[in-house]
Amino acid sequence: MKLSVKEFVKDFKNQFQSMYAYPYEEGSTEQLYNALGLLIKNYVSSNWKDTRESYIKQSAKQVYYFSMEFLPGRQLKSNTYNLGLLETVSKGLDQLGLSLDELAEAEADPALGNGGLGRLASCFMDSLASMAIPGNGNGIRYQYGLFRQKFVDGYQVELPENWLRYRNVWETRNDKSTCMVRFGGNVWLEENEQGHLEPKYENTLNVLAVPYDTPMVGYKNERVNNLRLWSAEIPVEEESNYLTIDATDPIKEITEALYPDDSNYEGRLLRLKQEYFMVSAGVQSILRHYRKYNMPRKNIPDKVAIHINDTHPALVIPEMMRILIDEEHLSWDQAWEITFKTCSYTNHTILREALEKWPIDMMKELLPRIYMIIEEINNRYVEHMLPLYGERITWQTAILQNGVVNMAHLAVIGSHSVNGVAQLHTDILMNDVLKDFFEIYPERFNNKTNGITQRRWMHLANPDLTQLLDDKIGKAWKSNPAELKVFKGYEKDKQTIKELAEVKLNNKKKLAAHIEKVKGITVDPNAIFDVQIKRLHAYKRQHMNLLHILHRYLEIKQNPSVDYVPRVFIFGAKAAPSYVYAKQIIKVINAVGDLVNNDPDIGNKLKVVFFENYGVSLAEKIIPATDVSEQISLASMEASGTSNMKFMANGALTLATLDGANIEIRDYVGEENMFIFGLTSDEVYEVRGNGSYNARELYQSNSTVKRVLDALINGTILNLEGEGDALFDSLVNYNDEYLVLKDFESYIQAHEAIDALYKDQKEWTRKSLLNIASSAPFSADYTISRYAEDIWKVKPCCPGKLKVQPRNEPMY
Ligand code: 26Q
């Protein structure tokens, strides 16, 4: 967008005054932010409208990304940047004595997701718009996001995250596009005058779904897509039935709060309500949109692709069947053909305890019509497969099993495409988790390795690195990430290496200042910044990191002259509130932090920083300042990981097991430019298969292991209430299922290799440069292009202006 600094300054003053009726000089930071945000949204709005219209005019195929979670991060700078106005706005605010960075910090960071899956959805929204692909997000406008985490005495405490308290400037409530979603009651089928079986409902709970739309701004391409988040309200015409405030709870609670579990499925009724609410509103609004244009129903898959982000929105499949059969009067076979050609599904986990299986009784009661349809899908599936594949495979792949609805099976059976999120993960789906389905439908399976948007994670989060790249290789890499590999040519250029080291040091100084401010811990910017930031889970093995810190501590205490390079261990992690073991790990890390940080024998050699309330905004501060990226899950457990890609792009060296996308990182940058340790996925399968892991034996036979584990239980760590014992028990007495002690020695060795390399700053920085230069394949723009070509069959839209196409084909 073209705009002079002068014009911006004028617009901003007017905007402020029209909102607050006094001059901007008297505004608070929040007010100034609100005014600026709304102004930027105004700038976006004509492109937003034009984009929507051009999709309709061109009758372009559109993708709808259904996700229970989105983690967009703050949007002020990203929208301004994508509009091409960052410099103008920044200069204009300077003239007014204001700072863009300061105002940006006033924005609430919408935590409408748990972790990787939600952030991936938002990176994809950014890439869809930036690649000019007609794409929409569909999700829930939770009133409360993921809990705000605080530490009290080193324990995690969860506080409500009321992100909407001070309004959300980016959203538009769209009362014209509401839908009604029905729950419960009785349903039966009656033949109508045309001879169609029609469902009749009584005593249903009717919930109004109100959409809030948020613009998704493409990078300098004038495209603005839509993210639609639904909020539950009482239907206006039924308001008088709700006599007390309490009576409205069953409706309001539907979109009140995000479930804070990311790996442990629990069959909670409210969660099922949320899933159906979002799915039903989303599918209704899509089909209504296309109904307006009288499109033949059979053409729906040519115009619509619905993506199911993990199984959480898998009810899309029966919901679409319901609408096509009950409301559009299509036959079962016609409806099925349309549905499965329209839907595609991504799996994000192989953890068995995370797979959704809803009790049949619950589903029947809450969603009686939907359950009837699922039962019919299942019956037809079983009938079709029995003669082809026999009893075992058929029953093992059925949707209804032992009193539950297996959502992954529903998603696979009802989708034309099933993908994993990194090559290893997809291989494991095909060979293990979904093996029988792979035999039945090999053509449906494909891999789509995750990606990240470099715009947020490099251009905006790391402006100094971005400037350096611009200076060295030109600006083309910003719209064509493949150009990053040109940077490889500078690996031997002393000047570039020196400048890159300066960029990193500068970022570390900024993070050190932030650590001082929020944690009161002084860290040395010349120490190695070693970072593990991700949800807390035993499979991610933050406790292995902890054991290594303890090991270092004990070594330094025993032998103060030991040659360790100073290290700052940085953590950020939320534990699911019900995950006791994860919370115990947090407590022990904090306790070890207190021990280490306050021990005068240790000084600067070791520091431990555990940030509270890790999320997108904090990640943006930490990642550019990281030297070592800890990606240490037990091989086979982490589907992909995405922070690993963000760290690599920002020049961190990866310390990793061969898990998820770490394998692809190695393939691109080379093993010699990272630190790989531990069992491979095949070895993990072998050890687990033959039951050869014996933690107690490892504990007893290895003095290093023994010393560290004993420190958990012998009073070395102060202020514990049994958490050290809990870790010890799980690691030793219960033969830890994540094989921590098996990988521990090679992990220690990898850390020693890190120290050795860090002493050679030039060599370290050369490897850092090669990581940056090799990170292009993880651009979400590429990932999205592959989804668009292979799965969704959608094309970038709309070069030039085209006339409205006639739509006079016959209905189905
Ligand atoms: C399910 C049922 C009930 C309540 C909550 C849930 C639930 C919610 C979120 C289950 C799982 C999640 C999130 C999973 C997730 O974030 N998975 C991560 O996805 C990333 C993107 O593909 C991968 O990089 C990570 O490896 C994977 O762990």
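Every number for a ligand or one of its atoms is a count from 1 in the order of the listing. None of these values were measured; they are calculated from a predicted model.
For the side-chain hydrogen bond (donor to acceptor under 3.5 Å, both in side chains) with His425, the qualifying choice from Asn447, Thr449, Asn347, Asp659 is Asn347, the only one to do so.
Using a cutoff of 4.0 Å between basic side-chain nitrogens and carboxylate oxygens, Arg322 and Glu319 are scored as salt-bridged. Salt-bridge formation is detected for the pair Arg456/Glu620: a Lys NZ or Arg NE/NH1/NH2 atom is positioned less than 4.0 Å from an Asp or Glu carboxylate oxygen.
A heavy-atom separation below 4.0 Å is not found between Gly660 and ligand 1. The closest approach between any non-hydrogen atom of Asn450 and ligand 1 is below 4.0 Å. At least one heavy atom of Tyr539 sits closer than 4.0 Å to an atom of ligand 1.
Atom 12 (C) of ligand 1 has Asp262 O, 3.3 Å as its closest protein atom, hydrogens excluded (heavy atom only). Here the protein heavy atom with the shortest distance to atom 28 (O) of ligand 1 is Glu638 OE2, 3.0 Å. Protein heavy atom nearest atom 7 (C) of ligand 1, with residue, atom name and distance: Asp261 O, 3.3 Å.
Contacts between Glu356 and ligand 1 below 4.0 angstrom, taking non-hydrogen atoms only, involve the side chain exclusively. Here His348 has heavy atoms under 4.0 Å from ligand 1 in both its backbone and its side chain.
A side-chain donor-acceptor contact under 3.5 Å links Arg444 to the backbone of Val412. Under the 3.5 Å distance criterion, the side-chain polar atoms of Asn650 are matched with a main-chain donor or acceptor of Trp457.
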- request: Would you check, one step at a time, whether the test side chain to side chain contact (heavy atoms under 4.5 Å, CB included) holds for Ser578 with Asp261?
  value: CA-CA 8 Å; Ser578 62; Asp261 284 282; 3.7 Å; yes
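Between atom 16 (O) of ligand 1 and the options Leu258, Thr642, Leu117, the minimum heavy-atom separation is to Leu117. The closest non-hydrogen atom to atom 3 (C) of ligand 1, taken over Arg271, Lys540, His312, His537, comes from Arg271.
Of the polar atoms of Gly641, at least one N or O is found under 3.5 Å from an N or O of ligand 1, judged by distance alone. Between Glu69 and ligand 1, not a single N/O pair is under 3.5 Å apart.
Annotation: cation-pi pair Lys357/Tyr265 absent, no NZ/CZ under 6.0 Å from the ring centroid and within 45° of its normal. A cation-pi arrangement is not found for Arg541 relative to Tyr738, the charged atom failing to lie both closer than 6.0 Å to the ring centre and inside a 45° cone about the ring normal.
Of all atoms in ligand 1, numbered sequentially from 1 with element shown, those under 4.0 Å from a heavy atom of Val421 are 22 (O). Here is the list of ligand 1 atoms found below 4.0 Å of a heavy atom in Ala639: 26 (O).
Aromatic ring centroids of His548 and Phe744 lie 6.0 Å or more apart.
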